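Heads up: the structure comes next, in structure tokens.
Everything quoted here is computed from the prediction, not taken from an experiment. Each chain gets a letter, A, B and so on, in the order its sequence line appears, and its residues count up from 1.
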Protein chains: 2
Amino acid sequence: MTQAQTLSKNQQIVLDIIEKANSPLKAYSILFNVQKKGINAPQQIYRALDKLIEMGKIHKIESKNAFVACRSSDCEISKATAFSICENCEMVDEISDTKLSKYLSSFSDKKGTKFKRFNLEFFGLCKKCK
Amino acid sequence: MTQAQTLSKNQQIVLDIIEKANSPLKAYSILFNVQKKGINAPQQIYRALDKLIEMGKIHKIESKNAFVACRSSDCEISKATAFSICENCEMVDEISDTKLSKYLSSFSDKKGTKFKRFNLEFFGLCKKCK
DNA sequence: TAACAAATGTTATATTATAACACTTTGTTA
DNA sequence: TAACAAAGTGTTATAATATAACATTTGTTA
Ligand SMILES: [Zn+2]
Ligand SMILES: [Zn+2]
Ligand SMILES: [Zn+2]
Ligand SMILES: [Zn+2]
């Protein structure tokens with residue numbers, strides 16, 4: 001039984017904002033949005049982001065330097081993440097596809113090496129933008 | 001018949017450095033290495049990098065903000081890239097695996113959406129670091 | 001050679017991320 | 001509960017990554 005993580009004040013503030021957003025948020029845009037709540041420095045944001053990523057509550061979209069809330073549960077502690085990213089608008093969707101996840105988690109390269117973790121980013125046009 | 005691209009002076013300089021390196025290079029580290037050749041500003045590096053990526057000569061390792069030469073030819077113009085990244089040392093290898101590439105290129109999500117492009121990054125320990 | 005596209009050189013600035021240090025809160029253990 | 005350790009906070013400063021804007025040059029094509 002994994003104990004439900006209790007979040008610290010700043011972690012909760014940052015997570016709330018990311019969860020409410022419907023597109024990936026950048027660290028500094030989060031910062032600007034929480035200045036009324038007494039958070040004034042990038043460090044405070046980045047520290048919260050780091051912990052939230054560790055806990056698997058959020059993911060970083062590497063190609064955008066932006067952060068989204070985890071909508072899945074396959075990606076246990078961010079070991080196996082996949083996203084679809086619209087090249088036109090800001091839309092990002094987390095892909096949770098058991099087959100894909102299994103295929104990639106068990107993938108080994110030509111030397112037989114297996115990997116602990118992967119991150120996959122698909123690019124295309126979302127429904128709206130087609 | 002695709003005509004062999006001729007590279008501009010700066011593009012060639014930047015590509016040479018990236019090809020000689022055996023680990024991913026960062027933009028500013030490339031910059032420092034070419035100052036003797038008369039390139040003085042980040043813009044000149046980033047412009048060359050952009051073109052080289054477009055041509056498929058190099059790839060960006062998104063999780064590292066660093067650049068590697070393309071060692072494959074499956075990844076036609078960077079539409080389908082996959083890498084293994086050592087979490088300990090700087091090692092990055094381009095994975096060229098036809099099955100993997102085909103599987104991902106033809107992947108469609110639950111709504112049936114297909115994608116134009118993907119980038120996959122695996123993380124683990126390389127042979128040396130195990 | 002005139003016209004246009006691509007590349008270059010340069011200065012300035014924007015954006016993303018971390019270092020370092022002092023302090024406080026929380027959780028654990030004697 | 002006192003003592004300690006671990007995690008979190010607040011703050012200032014700075015490093016690292018990336019783009020904007022503009023003037024000029026080079027290369028290509030009609
Ligand atoms: Zn997730
Ligand atoms: Zn879209
Ligand atoms: Zn390649
Ligand atoms: Zn290694």
Side-chain angles (χ1 to χ4, degrees), chain A residues 2-18 21 23-68 77 85 87 90 92 119 121, chain B residues 3-18 21 23-68 77 85 90 92 119 121:
Chain A
T2 34
Q3 176 150 358
Q5 299 260 17
T6 54
L7 300 179
S8 77
K9 188 193 113 217
N10 287 359
Q11 288 160 14
Q12 190 64 62
I13 290 172
V14 169
L15 179 57
D16 284 349
I17 292 204
I18 296 176
S23 56
L25 293 185
K26 305 213 149 207
Y28 276 76
S29 119
I30 296 170
L31 177 58
F32 298 141
N33 275 281
V34 298
Q35 296 199 312
K36 49 199 163 212
K37 300 206 171 161
I39 297 184
N40 303 299
Q43 265 292 3
Q44 298 174 282
I45 303 298
Y46 281 104
R47 283 198 287 230
L49 290 172
D50 286 349
K51 290 297 176 184
L52 291 168
I53 289 171
E54 261 183 50
M55 295 173 195
K57 302 275 188 190
I58 65 170
H59 304 299
K60 181 172 186 180
I61 306 300
E62 294 288 356
S63 61
K64 297 180 92 70
N65 299 315
F67 303 86
V68 294
I77 323 213
I85 300 171
E87 284 176 315
E90 285 297 295
V92 168
N119 180 53
E121 300 184 357
Chain B
Q3 176 149 1
Q5 298 262 15
T6 54
L7 300 179
S8 77
K9 188 193 112 215
N10 289 359
Q11 288 159 13
Q12 191 64 62
I13 290 172
V14 169
L15 179 58
D16 284 348
I17 292 204
I18 296 176
S23 55
L25 293 184
K26 304 210 151 211
Y28 275 76
S29 119
I30 296 170
L31 177 56
F32 298 142
N33 275 281
V34 297
Q35 296 199 313
K36 51 198 160 213
K37 300 207 173 163
I39 297 183
N40 303 299
Q43 264 294 3
Q44 297 172 283
I45 303 299
Y46 282 104
R47 284 195 288 228
L49 290 172
D50 287 349
K51 290 297 175 182
L52 292 168
I53 289 171
E54 262 182 48
M55 295 173 195
K57 302 274 189 191
I58 64 170
H59 304 299
K60 181 173 187 180
I61 307 300
E62 293 288 356
S63 60
K64 298 179 92 69
N65 298 316
F67 304 84
V68 295
I77 323 212
I85 300 170
E90 286 297 298
V92 168
N119 180 54
E121 299 184 358

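The distance from atom OG of Ser29(B) to atom CZ of Phe67(B), rounded to the nearest 0.5 Å, is 10.5 Å. With values rounded to the nearest 0.5 angstrom, Asn65(A) atom CG is found 13.0 Å from Leu25(A) atom CG. Rounding to the nearest 0.5 angstrom, the gap separating the CD atom in Gln35(A) from the CD1 atom in Ile39(A) is 9.5 Å. Remark: Ile58(A) CD1 to Lys60(A) NZ distance equals 10.0 Å, nearest 0.5 Å.
Of the side-chain N and O atoms in Lys26(B), one or more sit less than 4.0 angstrom from OP1 or OP2 of dT17(D). For Gln44(A) and dT11(D), the shortest distance from a side-chain N or O to OP1 or OP2 is not below 4.0 Å. The shortest distance between the side-chain N/O atoms of Lys60(B) and the OP1/OP2 oxygens of dA18(D) is below 4.0 Å. Regarding contacts with the backbone of dA18(D), a side-chain N or O of Asn65(B) is found under 4.0 angstrom from either OP1 or OP2. Look at Asn10(A) and you won't find any side-chain N or O under 4.0 angstrom from OP1 or OP2 of dA7(D).
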> Could you go step by step and tell me if Leu49(B) and Ile18(B) meet the side-chain contact (heavy atoms from CB on, under 4.5 Å) rule?
Replying inline: CA-CA 10 Å; Leu49(B) 290 172; Ile18(B) 296 176; 3.7 Å; yes
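Using a 4.0 Å heavy-atom criterion, one finds that Lys64(A) contacts no nucleic acid atom at all. If you check every strand for non-hydrogen atoms under 4.0 Å, Gln43(B) touches a base.
Look at OH on Tyr28(A): it is 14 Å from P on dA15(D), rounded to the nearest Å. At whole-Å resolution of the value, CD1 in Ile30(B) and P in dA18(D) are 10 Å apart. A straight line from CG of Leu49(B) to P of dA18(D) spans 9 Å, rounded to a whole angstrom. With rounding to whole Å, Glu62(B) atom CD is found 14 Å from dT17(D) atom P. One interatomic measurement links the two molecules: CG of Asp50(B) to C1' of dT17(D), which rounds to 13 Å at whole-angstrom precision. Counting to the nearest Å, the P atom of dA7(D) and the CG atom of Leu52(A) are 16 Å from each other. Atom CD in Glu54(A) sits about 14 Å away from atom C1' in dA6(D), given to the nearest Å.
Protein chain B contacts DNA chain C from dA7(C) to dT11(C), reading 5' to 3' and using non-hydrogen atoms of the protein with a distance under 4.0 Å.
Under the Watson-Crick or G-U wobble criterion, with both distances below 3.5 Å, dA30(C) is paired with dT1(D).
Under 3.5 Å, the side chains of Ser63(A) and Glu62(B) contain no donor-acceptor pair of N or O atoms. With hydrogens and angles left out, the side-chain atoms of Gln12(A) and Asp16(A) include a donor and acceptor closer than 3.5 Å.
DNA chain D is contacted by both Pro42(A) and Ala48(A); Ala48(A) maps to the nucleotide lying nearer its 5′ end (nearest heavy atom per residue).
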